[in-house]
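As the structure is a computational prediction, the values presented were derived from the model and not from experiment. In what follows, every chain begins at residue 1, and chains take the letters A, B, ... in the order their sequences are listed.
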There are 2 protein chains.
Amino acid sequence: MQNCKTCIIRSKAANTLNPNELTILMESCAETTFNPKESIIKEGTLSSHVAYLKSGLAMVSKKGVKGIDQILKIIKPGNYIGLQTVLFEKINQFSVTALEKCVVCFIDNQSFKELISRNTQFANELLIFLCREELTYFDRFVNIHQKQINGRMADIILFFSEEIYNHATSFNIPLSRSDMAAFICTTRESITRAINDLSKTNSIRVSRKKFEILNPEMLKKISEKG
Amino acid sequence: MQNCKTCIIRSKAANTLNPNELTILMESCAETTFNPKESIIKEGTLSSHVAYLKSGLAMVSKKGVKGIDQILKIIKPGNYIGLQTVLFEKINQFSVTALEKCVVCFIDNQSFKELISRNTQFANELLIFLCREELTYFDRFVNIHQKQINGRMADIILFFSEEIYNHATSFNIPLSRSDMAAFICTTRESITRAINDLSKTNSIRVSRKKFEILNPEMLKKISEKG
DNA sequence: TTATCTTTTTGATATATATCACATATGTAA
DNA sequence: TTACATATGTGATATATATCAAAAAGATAA
């Protein structure tokens, strides 16, 4: 059992809870640590808990008709995982896998639902969270289809720089080339070639998983022109 | 002003409201009729209302980097449009266009938010609605990328048959060939060819916008094998 | 009706990217 | 260290689909 009252990485939603409600959360919350590549949630299994990512990065993926896994999104600390299933479906519709060492809190479905009905602010924060996500998908959906591979590769790099690493210019992307391919709907080989192309423009420097942005303007231009 | 108390196509969420709350809804609700191709919500404008589709079909679309509109989803009666923007963004991130004669209720943002905070069941129904949508996108995202055009064309036809027209085998699809292309991320010309291919297998018969499913099993097989 | 505009169809061609096959590098366990 | 597994890189080739161009069919208005 966790002490949610003193948790410093509490969600915006959890911050709306009063002491009583925090006790409910606390008593139904269990913390687990995952190593890289370990499965946090597995597609097709019964869903019994909401997960909350306290630290580390994780990815959400889903199997397609070809049996190939597609990465739907990367999750960063401070976000709920699997809200969809808790509230609506009983079977997990996607897998979640740790990309790094991850600390995850699992909250019992029933208690989570109780918090939603007890506290409208809590529900409201969740609504806002889901709405924000939906808009992100819209963007992603349109981008993936209208940009070609170099543009999409630039997007991965900008995404990790801006969204994940707080505008850092040098960072590690904890994805294999195959993972990146699954993220932007292409192949391992095309990722290699895209990285080569971008490197030739001197907008980035890459060595294995280490990415360095040399010319952000040019990278953004490549991202936009497709 | 509408009489929401006697409205027979009330949303599941609105059904959770008590008489007082229904009065709030009623007093901030205005009904408008749209003709086919008329714009219900325009991307880039300020959002001031939630829309609720009482009758007719509408489509949600978004401009991509190439300036080409991509159709994100088709909306059928009994669904809210633009929840995302009301709760989170101020600027409309997408356009909504009537595909047929549509009756739409516009509910003032403030009142809508008030209903969410007053009634947890109302909020809960909205949460469930958003969760269901998210899962639908996941599916769509993966399908669009792993299936080739004939499979995706089969999906459009099955979608209208099953989701929109209650498993009818003969129906009109109120989309132009270009719209269909924007829906499954391809081109007008490829849609024509896909329809030809499917017709040659005798699984469908098409004349202009009228689609007839002759062999549902075969159509599903085409949808699945990609 | 004819004239004009828009949408759809059809064929020829171009092209971005997937696929395949193999080489090379990297990581890991004995 | 060696041996083996896994991940990545590279070149050659295939292919699904986009693009282009022009014809045909429908829709609309005078």
Side-chain angles (χ1 to χ4, degrees), chain A residues 35-37 59 64-71 97 99 142-156 172-200 204-211 222-223 225-226, chain B residues 35-37 64-71 97 99 142-157 172-200 204-211 222-223 225-226:
Chain A
N35 287 319
K37 297 196 185 178
M59 66 178 185
V65 277
K66 283 190 191 166
I68 303 168
D69 259 51
Q70 208 83 43
I71 299 182
T97 312
L99 291 171
V142 171
N143 277 336
I144 291 273
H145 281 286
Q146 299 204 355
K147 289 182 183 179
Q148 42 196 70
I149 292 181
N150 289 355
R152 274 144 55 194
M153 186 70 228
D155 282 347
I156 294 187
N172 267 34
I173 297 186
L175 295 172
S176 69
R177 300 296 192 250
S178 302
D179 289 338
M180 290 181 195
F183 193 31
I184 59 165
C185 307
T186 180
T187 57
R188 182 178 60 81
E189 294 95 328
S190 293
I191 291 285
T192 301
R193 286 184 249 263
I195 291 175
N196 276 349
D197 287 353
L198 296 191
S199 298
K200 274 183 209 140
I204 55 167
R205 177 157 48 207
V206 182
S207 137
R208 296 203 47 65
K209 289 188 163 48
K210 196 193 164 210
F211 285 72
I222 294 170
S223 152
K225 83 151 205 63
Chain B
N35 287 319
K37 299 193 183 180
V65 276
K66 283 189 191 166
I68 303 169
D69 260 51
Q70 207 83 44
I71 298 182
T97 312
L99 291 172
V142 171
N143 276 335
I144 292 273
H145 281 286
Q146 299 204 355
K147 290 183 183 179
Q148 43 195 73
I149 292 181
N150 289 356
R152 273 141 59 192
M153 187 69 228
D155 282 348
I156 294 187
I157 300 168
N172 267 35
I173 297 186
L175 296 173
S176 70
R177 301 297 191 248
S178 303
D179 289 339
M180 291 182 194
F183 193 31
I184 58 165
C185 306
T186 179
T187 58
R188 188 172 54 79
E189 294 95 325
S190 293
I191 290 285
T192 300
R193 286 184 249 264
I195 291 176
N196 275 350
D197 287 352
L198 296 191
S199 298
K200 274 183 207 141
I204 56 166
R205 178 160 45 210
V206 181
S207 138
R208 294 205 47 66
K209 290 189 163 48
K210 197 193 164 209
F211 286 71
I222 294 170
S223 152
K225 84 152 205 63

Non-hydrogen side-chain atoms of [X] and [Y] separated by less than 4.5 Å:
X: Ser199(A); Y: Ile204(A); result: yes
X: Ile184(B); Y: Ile156(B); result: yes
X: Ser223(B); Y: Lys147(B); result: yes
X: Gln70(B); Y: Cys185(B); result: yes
X: Ile157(B); Y: Leu198(B); result: yes
X: Asp197(B); Y: Met153(B); result: no

Whole-Å distance separating the [atom1] atom of [X] from the [atom2] atom of [N]:
X: Ile191(A); N: dT8(D); atom1: CD1; atom2: P; value: 11 Å
X: Met180(A); N: dG9(D); atom1: CE; atom2: P; value: 9 Å
X: Lys200(A); N: dG9(D); atom1: NZ; atom2: P; value: 13 Å
X: Leu175(A); N: dT6(D); atom1: CG; atom2: C1'; value: 17 Å
X: Arg177(B); N: dA25(D); atom1: CZ; atom2: C1'; value: 12 Å

Taking only side-chain nitrogens and oxygens of Lys209(B), does any of them come within less than 4.0 Å of OP1 or OP2 of dT7(C)?
-> no
Once you build an axis from the first five pairs and another from the last five of the helix from dT1(C)-dA30(D) to dA30(C)-dT1(D), how far apart in angle are they, to 10 degrees?
-> 40°
Ser176(A)-Asp179(A) side chain donor-acceptor pair, cut-off 3.5 Å = yes
Polar atom pairs between nucleotides 10-18 of chain D and protein, under 3.5 Å, N or O only, would you list them?
from, atom 1, to, atom 2, distance (Å)
dT10(D), OP2, Asn196(A), ND2, 2.9
dG11(D), N7, Arg193(A), NH1, 3.1
dG11(D), O6, Arg193(A), NH2, 3.4
dT17(D), OP1, Ile149(B), N, 3.1
dA18(D), OP1, Thr186(B), OG1, 3.2
dA18(D), OP2, Thr186(B), OG1, 2.8
dA18(D), OP2, Thr187(B), OG1, 3.3
dA18(D), OP2, Ser190(B), OG, 2.5

Any donor and acceptor pair, going by atom type alone, linking the side chain of Arg193(A) with main-chain N or O of Asn150(A) inside 3.5 Å?
-> no
